[in-house]
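We count ligands from 1, going down the list as the structure has it; atoms in each ligand are counted the same way.
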Amino acid sequence: MFNVVIFGAPGSGKGTQSERIIDHYGLFHISTGDVLRDHIARNTELGVIANKYISQGQLIPDELMIRVLEHHLDNHTKESEKGVIFDGFPRTIAQAKALTELLEKRGTQVDAVVGLEVNEDELVTRILKRGQETGRSDDNLETVKKRLAVYHNQTCPLRQFYIDEKKYHAIDGNGTVDSIFEKIKNNLDKIKHD
Ligand code: AP5
Ligand code: MG
């Protein structure tokens with residue numbers, strides 16, 4: 001298996017680059033944001049809880065999020081045979097430790113963390129543009145500011161966590177989608193062939 005975490009601030013291009021990575025490496029995509037938005041759209045019990053946090057730009061509590069992730073993994077073992085791209089998970093040190101354990105139990109590990117590093121002005125521009133185009137409910141200026149603050153306080157420490165594990169690949173996430181994917185591919189190809 002080849003398991004990749006795609007890491008970065010809101011609007012850094014995690015979903016966009018995940019699509020490219022999936023096409024190229026045949027990985028299974030798990031976006032925790034998409035999983036939660038699907039529950040919100042279906043008005044499930046989890047969706048009602050998730051909506052309260054997402055609309056405030058806050059993280060879903062670790063214990064709940066980890067259970068949701070584990071359940072999703074277990075429901076997609078066949079699709080995950082070649083490996084998984086984790087998009088938006090982990091977002092806290094507790095989630096990162098849980099992911100290591102979850103994968104260890106399944107005889108596998110995180111092989112690489114792709115860190116998309118993008119200027120803050122560009123992040124806000126991208127998110128507000130998408131908000132206008134798609135109406136995604138947390139893509140407004142007030143919530144974006146909260147999402148960025150949460151990213152800096154709770155998620156950024158993971159960068160050092162994965163640097164220490166020698167898994168972090170910093171990618172300049174400014175520029176065109178194609179040029180960014182080329183840089184990701186250069187990094188991942190080296191690990192895949194080692
Ligand atoms: P989530 O859905 O993960 O949102 P996010 O991290 O805020 O990131 P986005 O999806 O907004 O951005 P992205 O990095 O995927 O960029 P994209 O490719 O879309 O999480 C939403 C919420 O769910 C969280 O706030 C939290 O409440 C909850 N949640 C999720 N996971 C959780 C967890 N693990 N624990 C707790 N809570 C959790 O690109 C953005 C835009 O820019 C798009 O319009 C795209 O077309 C455009 N774009 C992309 N690349 C480029 C480029 N190179 N040039 C120009 N435009 C570009
Ligand atoms: Mg996304």
Look only at the side chain of Thr155 and the backbone of Arg91, and say whether a donor-acceptor pair between them is shorter than 3.5 Å. yes

Test: Asp164 and Lys166 ion pair at under 4.0 Å: no

Are any of the side-chain nitrogens in Arg106 or Glu101 under 4.0 Å away from the carboxylate oxygens of its partner? no

Exercise answer: donor-acceptor pairs, residues 170-179 side-chain atoms, under 3.5 Å, sequence neighbours excluded:
unit_1, atom_1, unit_2, atom_2, d
Asp172, OD1, Asn174, N, 3.0
Asp172, OD1, Asn174, ND2, 2.9
Asn174, OD1, Asn119, N, 3.4
Thr176, OG1, Ser179, N, 3.0
Thr176, OG1, Ser179, OG, 3.0
Asp178, OD1, Arg20, NH1, 2.7
Asp178, OD1, Arg20, NH2, 2.9
Ser179, OG, Thr176, N, 3.2
Ser179, OG, Thr176, O, 3.0

Applying a heavy-atom distance cut-off of 4.0 Å, which protein residues contact ligand 1? Ala9, Pro10, Gly11, Ser12, Gly13, Lys14, Gly15, Thr16, Thr32, Gly33, Leu36, Arg37, Ile54, Gln58, Leu59, Ile60, Met65, Gly88, Phe89, Arg91, Gln95, Arg126, Arg130, Arg136, Asp138, Arg147, Gly175, Thr176, Val177, Ile180

What residues, two or more places apart in sequence or in another chain, satisfy ring-ring contact (aromatic ring centres under 6.0 Å, His included) together with His152? none

Not counting sequence neighbours, which residues clear ring-ring contact (aromatic ring centres under 6.0 Å, His included) with His24? List them please. Phe181

